[in-house]
Novice: 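Can you keep this structure in mind? I'll have questions shortly.
Remember, predicted model here, so these are calculated numbers, not experimental data. When a ligand or atom number is given, it counts from 1 through the structure's own listing order. The figures here come from the full heavy-atom set of this structure, side chains too, leaving out hydrogens, waters and symmetry mates.
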Amino acid sequence: MAGKVFFSVSMSLDGFIAPESMEGFLATPEQREQDPRLERWMAQWMELQAWMFPQRFFRENLKLGEGGEEGRDNEIARETFERTGASVMGKRMFDGGEQAWPEEAPFHTPVFVVTHEKRDPWERPGGTTFHFVNDGIESALDQAREAAGDRDVRIAGGGATILEYLNAGLIDEFSIALSPVLFGSGIRLFEGVDAGRVALEPVRAEPSPRVTHLTYAVRER
Ligand SMILES: NC(=O)c1ccc[n+]([C@@H]2O[C@H](COP(=O)([O-])OP(=O)(O)OC[C@H]3O[C@@H](n4cnc5c(N)ncnc54)[C@H](OP(=O)(O)O)[C@@H]3O)[C@@H](O)[C@H]2O)c1
């Protein structure tokens with residue numbers, strides 16, 4: 001049986017999944033050290049994702065060392081990983097990750113990057129292979145479903161790519177880790193959503209001491 005198509009992101013309380021400029025995302029650690037704006041970008045990003053860093057699963061998956069928290073946040077991080085048989089992402093998310101992910105990228109499954117750039121598959125140790133898809137979001141999703149088998153397909157991000165899938169009616173379910181931070185500006189998750197088409201049904205809300213996890217099923221109006 002085919003799995004679901006879902007996304008799962010951290011969002012600021014005022015609706016942003018990343019601070020404004022992509023420069024901070026794409027900057028090297030050295031560039032960030034020399035430019036306070038880029039430092040600020042990273043500080044905001046770290047605040048948004050702060051719930052994730054101490055989790056045992058996150059630390060294990062990125063080989064950051066033993067130990068870590070083992071509460072509901074950790075279970076959610078692990079469940080999200082385990083349900084995912086393949087991921088799809090936009091090229092800007094990939095560009096940032098290409099610099100930031102360790103050699104053993106943290107997906108351990110095929111990843112399909114929607115892009116205009118033509119590039120051969122990029123195989124990393126540990127089971128992640130990035131495939132670059134030039135013929136649109138539906139083709140990327142078909143390939144991801146095929147690769148995922150019975151497991152689910154995660155639309156990993158970023159905002160533009162998630163919105164394309166949402167507006168095309170291709171998302172079954174999504175989860176948001178609502179972080180207690182305010183950005184004021186940035187990449188807004190639902191900017192441009194087709195509100196006439198997308199209706200939501202609450203599935204669950206789970207508060208943890210760090211964030212509030214919200215899950216919705218997507219229905220067509
Ligand atoms: N908070 C979270 O949990 C979370 C999770 C993931 C990502 N993010 C953030 O999201 C940000 C990136 O998101 P974004 O919205 O700027 O960009 P994005 O969705 O990652 O990538 C958009 C790019 O992907 C390519 N693309 C998308 N759809 C395409 C299509 N149908 N055909 C061909 N190419 C297509 C295009 O690049 P080309 O034309 O160059 O190929 C497009 O400019 C980053 O700052 C990242 O940190 C946050």
Novice: In this structure, does ligand 1 have an atom that sits under 4.0 Å from one of the heavy atoms of Gln49?
Specialist: yes

Novice: If you measure every N/O of Val9 against every N/O of ligand 1, is any gap under 3.5 Å?
Specialist: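 Between Val9 and ligand 1, no N or O pair is found under 3.5 Å apart.
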
Novice: Relative to atom 26 (N) of ligand 1, which among Ile137, Val114, Leu163 owns the nearest non-hydrogen atom?
Specialist: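 Looking at heavy atoms only, the winner is Val114.
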
Novice: Report whether Phe190 and Tyr216 are members of the same hydrophobic cluster (ILVMFWY, side-chain heavy atoms less than 4.5 Å apart, transitive linking).
Specialist: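 Yes; tracing contacts between hydrophobic side chains, which count when under 4.5 Å, links both residues.
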
Novice: Please report whether ligand 1 has a polar contact with Arg92, defined as an N or O pair separated by less than 3.5 Å (distance criterion only).
Specialist: yes

Novice: If you compare all heavy atoms of Phe112 against all heavy atoms of Ala86, which two are closest, and at what distance to 0.1 Å?
Specialist: CE1-CB, 4.3 Å

Novice: Determine whether the side chain, the backbone, both or neither of Glu164 has a heavy atom under 4.0 Å from any heavy atom of ligand 1.
Specialist: side chain

Novice: Have a look at ligand 1 and work out which part of Ala160, if any, has a heavy atom under 4.0 Å from it: side chain, backbone, both or neither.
Specialist: both

Novice: Check Arg78 with Glu60, please: is the shortest side-chain N to carboxylate O separation under 4.0 Å?
Specialist: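 The answer is yes: the pair qualifies as a salt bridge.
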
Novice: Between Leu48 and ligand 1, which residue portion shows a heavy-atom distance shorter than 4.0 Å: side chain, backbone, both, or neither?
Specialist: side chain

Novice: When you measure from atom 23 (C) of ligand 1 to each heavy atom in Arg188, Glu191, Lys91, which option holds the nearest one?
Specialist: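 Going through Arg188, Glu191, Lys91 one by one, Lys91 has the nearest heavy atom to atom 23 (C) of ligand 1.
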
Novice: Using a strict 4.0 Å threshold on nitrogen-to-oxygen distance, state whether Glu69 and Arg210 make a salt bridge.
Specialist: yes

Novice: Check each heavy atom of Ile187 against ligand 1 and say whether those closer than 4.0 Å belong to the side chain, the backbone, both or neither.
Specialist: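 Only the side chain of Ile187 comes within reach of ligand 1.
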
Novice: Which one of Pro19, Pro180, Ser12 satisfies the side chain to side chain contact (heavy atoms under 4.5 Å, CB included) criterion with Leu48?
Specialist: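 Looking at Pro19, Pro180, Ser12, the match for Leu48 under the side chain to side chain contact (heavy atoms under 4.5 Å, CB included) is Ser12.
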
